[in-house]
Amino acid sequence: MRQAGTYSGILSGGLSGKTGPHSLPLARIKKIMKKSGDDVKMISGEAPIVFSKACELFIEELTHRSWMITIQGKRRTLHKEDVASAVTATDIFDFLVNLVSHSSDSTDINHVEIETTSK
């Protein structure tokens, strides 16, 4: 995984969307952004880059908090229950509580994915 510097460092190579290594596919991010609502018609080239970095930071933070729970349980493998515990224990992840509160059954997560992709 690449080590990005400050925000200005992300965009310093240009704004074409093809510069620099991106951990997440920019085309997929743009597609998700366009599906977010009927009002979203045009998206600048810079917006998916910023969303990509935001997603990376979100994943890093949630993984870090989940890993702390894994370590507290004296284990070396992160499980979905650790992620659920991190979500319920952290206020900033309140928007995910409904997703993980039912996660004992994997069909609930598939149901959420179907709902989000059918927009």
Side-chain angles (χ1 to χ4, degrees):
M1 189 163 109
R2 71 181 170 94
Q3 295 293 322
T6 61
Y7 174 75
S8 60
I10 296 168
L11 300 177
S12 64
L15 300 176
S16 68
K18 295 180 181 179
T19 59
H22 299 284
S23 298
L24 301 171
L26 298 180
R28 178 71 177 131
I29 291 171
K30 192 170 185 176
K31 185 176 180 181
I32 293 167
M33 291 171 71
K34 284 186 176 182
K35 285 184 173 183
S36 68
D38 294 335
D39 296 340
V40 180
K41 303 282 187 218
M42 300 289 288
I43 298 170
S44 73
E46 301 94 351
I49 296 170
V50 175
F51 270 84
S52 175
K53 183 59 180 175
C55 289
E56 288 177 27
L57 293 172
F58 170 75
I59 293 167
E60 286 177 13
E61 183 66 23
L62 184 55
T63 302
H64 174 74
R65 290 175 187 261
S66 301
W67 183 250
M68 292 295 109
I69 292 170
T70 302
I71 296 299
Q72 288 174 358
K74 297 184 173 136
R75 290 178 286 109
R76 299 288 298 161
T77 304
L78 191 142
H79 297 284
K80 66 180 182 178
E81 293 81 11
D82 301 323
V83 177
S85 296
V87 165
T88 56
T90 309
D91 291 343
I92 61 172
F93 298 135
D94 281 349
F95 67 99
L96 294 172
V97 170
N98 291 336
L99 178 67
V100 298
S101 64
H102 307 296
S103 68
S104 60
D105 183 17
S106 63
T107 57
D108 293 329
I109 292 176
N110 293 334
H111 179 66
V112 171
E113 289 174 352
I114 291 168
E115 285 179 3
T116 58
T117 57
S118 65
K119 285 185 179 180

Quiz item: Can you tell me how far CD of Q72 sits from CG of D82, rounded to the nearest 0.5 angstrom?
Solution: 9.5 Å
Exercise. Hey, could you give me the CE/CG distance between M33 and L26, rounded to the nearest 0.5 Å?
Key: 10.5 Å
Practice problem: Check the pair T70, T77 against side chain to side chain contact (heavy atoms under 4.5 Å, CB included), reporting the backbone distance first and the verdict last. | Solution: CA-CA 7 Å; T70 302; T77 304; 5.7 Å; no
Self-check item: Residues which pass ring pair (Phe, Tyr, Trp, His ring centres under 6.0 Å) with F93, listed by chain and number, not counting sequence neighbours
Solution: F58
Quiz item: Where do K34 and K41 come nearest, in terms of heavy atoms and distance?
Solution: CE-O, 4.0 Å
Quiz item: Does the S52 side chain pair with the main chain of P48, one donor and one acceptor, at a distance under 3.5 Å?
Solution: no
Exercise. Could you grab the distance from atom OG of S66 to atom CD of E61, nearest 0.5 Å is fine?
Key: 9.5 Å
Quiz prompt | From CG (L96) to OG1 (T90), nearest 0.5 Å | solution = 10.5 Å
Practice problem: Given side chain to side chain contact (heavy atoms under 4.5 Å, CB included), test W67 with R76 step by step and report yes or no. | Solution: CA-CA 9 Å; W67 183 250; R76 299 288 298 161; 3.8 Å; yes
Exercise. Give a yes or no on whether the backbone of S85 and the side-chain of T88 come within a donor-acceptor separation of less than 3.5 Å.
Key: yes
Practice problem: Take atom CG of D38 as the centre, draw a 6.0 Å sphere, and report whether it contains more than 12 heavy atoms from other residues, nucleotides or ligands. | Solution: no
Quiz item: Would you say V83 and R65 make side-chain contact, with heavy atoms under 4.5 Å?
Solution: no
Quiz item: Between CG of L57 and CD1 of I59, what distance do you get to the nearest 0.5 Å?
Solution: 9.5 Å
